[in-house]
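Notes for the one structure printed next.
The shown structure was predicted, so the numbers you read here are calculated from the model rather than taken from an experiment.
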Amino acid sequence: MTREFKIYTKTGDDGTTGLVGGTRVKKYAPRLEAYGTIDELNSHLGMIRSMDIPQEIVELLIQIQNKLFNIGSRLASDEKGDEFTSGLVVQKEDIEVLEKAIDRYEEELPELRNFILPGGELSVAQCHVARTVCRRAERRIVEFSEQDAVQPELVKYVNRLSDFLFVLARYLGHKKGVDETPWKY
């Protein structure tokens, strides 16, 4: 039996939204800023996936997007909802996946000698946009963690993800023969 999934419920018309577990909170609450920014990041990763990039990277991005859904679910859970989403934690192995990808892609890149300006090619520029949204998500999660407990590995994962997106931008540019534009100060 399938459950009907309505897009509109009208329950948010009063400026509140329901958490996993049932608690209603204002739509501008730090918790919502945190998981809303994770959702925004996930959309940017979907944009990168739609571009002309190697299938290996598409598959890694899908894995990351699934992890971001888990992270968003954890951040959207109140105490009651924690029971439902408790299996969606970030594991040490999840962080290692990002670190191994960073190491693998960096092996093929020229040494970074300057700060570089974002841009150069659409997929490269989109990686930089995703990187900056990822950094904002990290800030929002850390801010929220001052009010409510957040799994430390979750913060580490998002931090490492922004590093990965920077390296991915450089890697895609390198593979596509796009020169990096150094910052001139």
Under the salt bridge (charged side-chain N to carboxylate O under 4.0 Å, His left out) rule, what pairs show up with a residue in residues 52-69, not counting sequence neighbours? E56-R104, K67-D94
Which atoms form the tightest heavy-atom contact between V150 and L154, and what is the distance? CG1-CD2, 4.0 Å
Quick check for you: to the nearest 0.5 Å, what is the distance between L45 atom CG and C134 atom SG? 8.0 Å
Under the salt bridge (Lys or Arg N to Asp or Glu O under 4.0 Å) test, which residues partner R136, sequence neighbours left out? E40
Residues passing the salt bridge (Lys or Arg N to Asp or Glu O under 4.0 Å) test with R139, sequence neighbours excluded, are none
Between I95 and V90, is the side chain to side chain contact (heavy atoms under 4.5 Å, CB included) condition met? List the steps. CA-CA 8 Å; I95 298 165; V90 174; 4.3 Å; yes
Y171 pairs by ring-ring contact (aromatic ring centres under 6.0 Å, His included) with which of Y105, F164, F166? Y105
Report the distance from atom CD1 of I71 to atom CD of Q65, rounding to the nearest 0.5 Å. 12.0 Å
Side chain to side chain, Q126 and M51, heavy atoms closer than 4.5 Å: yes
Please list, chain by chain and in numerical order, all residues satisfying salt bridge (Lys or Arg N to Asp or Glu O under 4.0 Å) with E99, sequence neighbours excluded. R160
A34 to F144 - nearest heavy-atom pair and separation: CB-CB, 4.4 Å
Does R31 use its side chain to pair, donor to acceptor, with the backbone of L75 at less than 3.5 Å? yes
State plainly whether one hydrophobic cluster holds both V178 and I48, where clusters connect Ile, Leu, Val, Met, Phe, Trp and Tyr through side-chain heavy atoms under 4.5 angstrom apart. no
Mind running side chain to side chain contact (heavy atoms under 4.5 Å, CB included) on Y157 and V97 for me, showing each step along the way? CA-CA 10 Å; Y157 184 87; V97 165; over 6 Å; no
Drop me the distance from I141's CD1 to R74's CZ, to the nearest 0.5 angstrom. 12.5 Å
Working to the nearest 0.5 angstrom, can you tell me the gap between L165 CG and R135 CZ? 9.5 Å
Would you say that C127 contacts L172 through its side chain, given a criterion of any heavy-atom pair below 4.5 Å between the two side chains? yes
Could you go through T37 and V158, starting from their C-alpha distance and side-chain angles, then the distance that decides it, and tell me whether this counts as side chain to side chain contact (heavy atoms under 4.5 Å, CB included)? CA-CA 11 Å; T37 308; V158 175; over 6 Å; no
Contacts of type salt bridge (Lys or Arg N to Asp or Glu O under 4.0 Å), residue K92, not counting sequence neighbours: E96
Kindly list each side-chain donor-acceptor pair under 3.5 angstrom involving residues 106-125, sequence neighbours excluded, with atom names and distances?
unit_1 : atom_1 : unit_2 : atom_2 : d
E108   : OE1    : K175   : NZ     : 2.6
E121   : OE1    : S123   : N      : 2.9
E121   : OE1    : S123   : OG     : 2.4
E121   : OE1    : V124   : N      : 3.2
E121   : OE2    : K176   : NZ     : 3.2
S123   : OG     : K176   : NZ     : 3.3

Please tell me if the side chains of D163 and L98 come closer than 4.5 Å, counting only heavy atoms from C-beta onward. no
Return the CG to CD distance between L161 and E138, rounded to the nearest 0.5 Å. 10.0 Å
Using modelled atom types only, decide if a donor and an acceptor are shared between the side chain of E153 and the backbone of V89 within a distance under 3.5 Å. no
Quick check: is L61 connected to F69 through a chain of hydrophobic side chains (ILVMFWY, heavy atoms under 4.5 Å apart)? no
I'd like to check I53 versus V58 (side-chain heavy atoms, cut-off strictly below 4.5 Å). Are they in contact? yes
Reported CG-to-OG distance for the pair L68 and S73, which is rounded to 0.5 angstrom: 10.5 Å
